[in-house]
**Q** 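Following this message is one structure expressed as structure tokens.
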Amino acid sequence: MEKTIAGKTITVNEEGYLTDFNQWDEKIGEALATEANITLSPRHWEVVKYLQNEQKNQVALSIRRIGKSGLVDIKEFYQLFPNAPLKTATKIAGIPKPASCI
Amino acid sequence: MGIIKRYHYQLDFYSINNQTKNKQMKNLVILGAGTAGTMMANHLHHQLKQPDWQITIIDERVEHHYQPGYLFLPFDIYSPTDIIKTIEEFIPKDVKLLKQQINKILPKDNIIELGSGDALYYDVLIIATGAKIAPEETEGMKGSEWQKSVFDFYTFEGALALRNKLRDWQGGKLVVHITEMPIKCPVAPLEFAFLADSFFKHKHLRDKVEITYVTPLSGAFTKPKATEALEHLLDEKGIMIESDFAIEQVDNENKKIIDYGGREIPFDILVTVPTNKGDALIERSGMGDDLNYVPTHKATLQSKEYANIFVLGDASNIPASKAGSVAHFEAEILTDNILRFVKGEPLKEEFDGHANCFIETGGGKALLIDFNYTHEPVEGSFPFAGIGPLRLLKESRMNHMGKLAFRWIYWNVLLKGTHIPFVSATMSEKGKHYETVQH
């Protein structure tokens, strides 16, 4: 489905995740964060960029892996993106919701 | 030093297997004699025969446990004798069974280093060392309340300790909990919650027991259609669900679990599925990912790093369920691929992630789900399209009979590597109600 955000039209799935990362830009990231009641600080951005990079390298994302990334520990990840951090952070980053698999 | 070490291996290899070496036999070695390893020994011994091939299977354990039976032990539905046999009785006579600890795999040298200091050379290696619980990964899980009010049911000891506790428990807060994914048999904790509901109803204690299902996932299961059906069942049985719960610690003193976001859930009994990891052997050999699973090609089951190593069952990192049914379907395809490999032919990229699981829902009923990498479980009939007799994603008594019959099938058909009639290794889309084409 299509959605207008930050003055642009993007395509999202039924859970609101971008289906094409090429449509993503920082303004869209900020607007998606606002929808999740999060104001992005430089620290948030570091995490968002890290997730995008991991996705680009086809690394399967999990909370455990992020906790061991050396970038943030799991506690801080929760402080930055409360409740369900991986789901929220990936949505803001414009990448697919991690398949928690099987 | 390297050369000396090498000589050492060669000498030890002669001492273990001089007969094979003299005859220029080739060695196929299977690590682990659980469900997956045993099935492979039974499949391959018909195909790779002496004097050309010697198949060796290595496992330090003596007993083979029917792991799906652990679910029924805590409720006194099965007794220990129902689920334990010896490893030996399922290994064909012409396969050599070594009851030894495995110290290390040296994949570059094609050598297995045994706990005794001996070593064994292989031409083809199958890793089937499974997955195990690792409660030490979570702070406080293996604390003062372990097996007093904090239990697992993924080990024989854990299931038995829980059985003893439930026999005289008079009620309170029962929390059924998954630490993190992936886990073996991802439906087992749900089944535990359903069976607990049934168990306490039967004991006329249900109104004194509050059951909460706590999961790191966003819902009851990982696939949308099945989640919907299962959440409906949880609701119907008065089982509460707490989702998106990423546990940070077990607070033994105040008997509660706390997640990274600060959410707290109190318990009188915590039945947890701890973090699951591949065998420590994989870590010692430097061959695993961060959970000790071996990176494996998901369609051929060949190791991503070493062409002569194949990985079967829970030990691999493929995105399929960690379940006996998956190992069974994999074994049929892997047998073909190993035969192709030894003949120097290209491998078949055929494994589709096929899983087939009965889900006990209590009260003598069960659901059945059938799915693969790309197709989620949906409603329909199985194994005969439009006929059944088993219904997919719907509770029925017939499905429950299927689950109970499965123990017999496991010991008598599955482990022996016999094909189960009408159930193919790759999933059939016939008789299944897909709404749209999936990808």
Side-chain angles (χ1 to χ4, degrees), chain A residues 1 11-21 33 35-38 43-44 47 50-51 53-55 57-93 95-102, chain B residues 134 137-139 178-187 215-219 221-224 226-227 242-249 258-263 275-277 289-291 293 295 298 314 317-323 325-326 353-355 357 369 371-374 376-377 439:
Chain A
M1 62 187 87
T11 315
V12 294
N13 68 13
E14 52 205 19
E15 291 181 297
Y17 288 79
L18 257 84
T19 50
D20 178 8
F21 180 67
E35 285 184 355
N37 295 319
I38 292 169
R43 193 71 182 134
H44 286 95
V47 175
Y50 166 80
L51 293 176
N53 200 40
E54 292 286 279
Q55 173 70 21
N57 296 329
Q58 297 188 328
V59 176
L61 294 168
S62 69
I63 291 198
R64 157 178 290 269
R65 194 176 284 273
I66 286 155
K68 287 186 172 173
S69 65
L71 178 66
V72 278
D73 59 24
I74 300 176
K75 199 90 186 162
E76 188 188 356
F77 192 38
Y78 263 82
Q79 283 159 2
L80 293 169
F81 303 93
N83 302 322
L86 194 55
K87 281 195 291 181
T88 312
T90 47
K91 190 184 274 188
I92 293 168
I95 59 179
K97 178 175 148 185
S100 40
C101 58
I102 42 268
Chain B
E137 290 277 328
T138 306
E139 189 188 331
I178 300 173
T179 302
E180 65 180 305
M181 301 300 286
I183 58 169
K184 281 200 262 198
C185 190
V187 294
T215 170
L217 300 170
S218 326
F221 194 55
T222 53
K223 316 264 179 179
T227 298
E242 292 274 355
S243 52
D244 292 311
F245 189 93
I247 191 170
E248 182 182 11
Q249 57 155 308
I258 305 169
D259 93 340
Y260 285 101
R263 193 155 37 134
T275 299
N276 281 204
K277 290 175 86 171
D289 63 11
D290 55 351
L291 284 170
Y293 296 122
K298 70 176 189 176
D314 300 346
N317 77 335
I318 63 167
S321 286
K322 296 196 177 297
S325 69
V326 174
H354 189 190
C357 313
I369 55 176
F371 58 105
N372 67 10
Y373 289 139
T374 51
E376 64 165 313
H439 47 84

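Note that these values count all heavy atoms, side chains included, but never hydrogens, waters or copies made by symmetry. The sequence lines fix the lettering, A, B, ..., with proteins before strands; numbering per chain opens at 1.
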**Q** Mind checking side-chain contact (heavy atoms from CB on, under 4.5 Å) for A:Ser62 and listing every partner two or more places apart, or none if nothing turns up?
**A** A:Arg64, A:Arg65

**Q** Identify the heavy atoms of B:Asp290 and A:Lys68 that sit nearest to each other, and give their distance.
**A** O-NZ, 4.2 Å

**Q** With chain B as the partner chain, list the residues of residues 73-83 of chain A whose heavy atoms fall under 4.5 Å from it, by residue number, and write 'none' if nothing qualifies.
**A** A:Ile74, A:Lys75, A:Tyr78, A:Asn83

**Q** For the CD1 atom of A:Ile63 and the CD1 atom of B:Ile247, what is their distance to the nearest 0.5 Å?
**A** 12.5 Å

**Q** Using non-hydrogen atoms only, which part of B:Thr275 is less than 4.5 Å away from chain A: side chain, backbone, both, or neither?
**A** side chain

**Q** As an exercise: rank B:Gly262, B:Ala246, B:Pro216 by heavy-atom pairs under 4.5 Å with chain A and give me the winner.
**A** B:Ala246

